[in-house]
Participant: 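Can you keep this structure in mind? I'll have questions shortly.
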Amino acid sequence: MRDSPSAAVRTSGASWAGLKRERGTATESAATVAPRTLFDDGDLGSAYAVQQLNVRRGQAAGRRVVGRRIGLTSTAVQRQLGADRPDFGALFADMAVPDGGEVPAGRLLQPKVEAEVALVLVLGRDLPHRACKVVDVLRTVDFALPALEIVDSRVRGWDISLVDTVADNASCGLYVLGATPVPLAAADLRTVPMTRDGATVSEGTGADCLGSPLDAAVWLASALAERGDPLRAGDLVLTGALGPMTPAAPGDAFEAVIAGLGSVRVAFGREVTVSEEEDAR
């Protein structure tokens, strides 16, 4: 069943919508909003209702949903944010960054990077089952890709609770997909390193992602079906972090390598100084 926002939730939704509008200007001024929560601890129903309100506002403005991301699948990330369970958010087409591309300085507020496995569902096959099984996912996945997810928070210093990140679209920022689709069976997830400027900054395994990326996808499919909004044919699924989140700064370059799937890279643009701006005139 879909979450049905009450009047109180609509008020919070309006606050989060304002927060997201503020982010549009906040990104340019590197400002964030004060912590912590607009909800009671554990009020996930209200938090998901607010997320859905803002997703619908985005769609009404012309943004296109292309899939879902699973957050907080790694115990390392859960420890970083003080959470005890996964969550999910919507992926929009305009969040995509090309493999090897650059994120302009100032586009995000306080970005962090995660290495992940991305799954793409076969056209013509939805996942509507509330008690989804691994075999259902296996029958539905068309191919896999290595991915980097760049998460972001509108709350100052990432001082957030689980309900905050849920309402904030699971802290979705941007995502980068590898360029070559590969059968999921080819992936070797025993060790997945992520480097920043050539030095390893995060390392994990498939088992760090709720047991495996497939188990994470099963959790997501069941959770969405329970809310009446199942995974659809052609959806992109980011299955969750394979290791700890790593902060990104202007000038950083990240790469993740997943045996059998390949590599994926992204860079963060440098901030232009006043003197450089003047020289460019």
Side-chain angles (χ1 to χ4, degrees), residues 66-74 76-77 80 91-105 107-108 111-122 137-138 141-152 171-217 220 234-270:
V66 294
R68 305 280 184 155
R69 65 96 55 174
I70 313 170
L72 305 175
T73 54
S74 161
V77 174
Q80 284 179 298
L91 298 174
F92 289 94
D94 58 13
M95 292 177 173
V97 177
D99 184 16
E102 182 176 279
V103 178
R107 179 168 180 184
L108 300 176
K112 298 184 179 185
V113 183
E114 304 172 338
E116 306 195 7
V117 172
L119 306 178
V120 177
L121 305 191
V122 177
V137 174
L138 286 171
V141 172
D142 193 4
F143 58 84
L145 296 164
L148 290 170
E149 184 169 15
I150 307 166
V151 292
D152 196 17
S171 301
C172 289
L174 304 170
Y175 58 89
V176 190
L177 302 177
T180 305
V182 177
L184 180 60
D188 179 355
L189 303 178
R190 285 175 291 184
T191 303
V192 180
M194 182 175 72
T195 62
R196 179 176 58 197
D197 301 328
T200 299
V201 290
S202 177
E203 192 170 78
T205 70
D208 294 326
C209 180
L210 285 186
S212 80
L214 281 176
D215 290 333
L220 176 66
D235 274 353
L236 167 68
V237 176
L238 296 183
T239 56
L242 300 172
M245 301 183 296
T246 301
D252 284 347
F254 288 83
E255 181 178 24
V257 179
I258 301 178
L261 293 187
S263 63
V264 58
R265 297 171 294 114
V266 71
F268 289 80
R270 291 191 311 111

Participant: Taking all non-hydrogen atoms of both residues into account, name the closest pair between Pro111 and Asp152 and its distance.
Facilitator: N-OD1, 3.8 Å
Participant: Tell me the closest heavy-atom pair linking Thr73 and Cys209, and the distance in Å.
Facilitator: OG1-SG, 3.7 Å
Participant: Mind running side chain to side chain contact (heavy atoms under 4.5 Å, CB included) on Leu236 and Leu177 for me, showing each step along the way?
Facilitator: CA-CA 10 Å; Leu236 167 68; Leu177 302 177; 4.1 Å; yes
Participant: Do Arg107 and Leu174 touch side chain to side chain, with heavy atoms closer than 4.5 Å?
Facilitator: yes
Participant: Return the minimal non-hydrogen interatomic distance between Ala147 and Leu238, and the atom names on each side.
Facilitator: CB-CD2, 4.0 Å
Participant: In Å, rounded to the nearest 0.5 Å, how long is the span from OG of Ser171 to CD of Glu114?
Facilitator: 9.0 Å
Participant: For Leu119 and Val117: C-alpha separation, side-chain torsions, deciding distance, then whether side chain to side chain contact (heavy atoms under 4.5 Å, CB included) applies.
Facilitator: CA-CA 7 Å; Leu119 306 178; Val117 172; 4.0 Å; yes
Participant: Would you name the heavy atoms of Ile70 and Ala216 that are closest together and state the gap between them?
Facilitator: CD1-O, 3.2 Å
Participant: Working to the nearest 0.5 angstrom, can you tell me the gap between Asp235 CG and Asp142 CG?
Facilitator: 12.5 Å
Participant: Write down the atom of Gly240, the atom of Glu116, and the distance for their closest heavy-atom approach.
Facilitator: N-OE1, 3.1 Å
Participant: Side-chain atoms of residues 241-263: list all donor-acceptor pairs with protein atoms under 3.5 Å, sequence neighbours left out, distances to 0.1 Å.
Facilitator:
unit_1	atom_1	unit_2	atom_2	d
Asp252	OD2	Ala249	N	2.8

Participant: Hey, are the side chains of Leu214 and Leu184 touching, using non-hydrogen atoms and a 4.5 Å cut-off?
Facilitator: yes
Participant: Tabulate below the donor-acceptor pairs under 3.5 Å that side-chain atoms of residues 94-104 make, not counting sequence neighbours, or state none.
Facilitator:
unit_1	atom_1	unit_2	atom_2	d
Asp94	OD1	Arg63	NE	3.4
Asp94	OD1	Arg63	NH2	2.8
Asp94	OD2	Arg63	NE	2.8
Asp99	OD1	Arg265	N	2.8

Participant: Determine which pairs satisfy side chain to side chain donor-acceptor pair (under 3.5 Å) with at least one residue from residues 181-190, sequence neighbours left out, and list them in order.
Facilitator: Asp188-Arg190
Participant: What's the shortest heavy-atom distance between Val66 and Phe92, and which atoms?
Facilitator: CG2-C, 3.9 Å
Participant: Side chains of Val151 and Arg69: closer than 4.5 Å at any heavy-atom pair?
Facilitator: yes
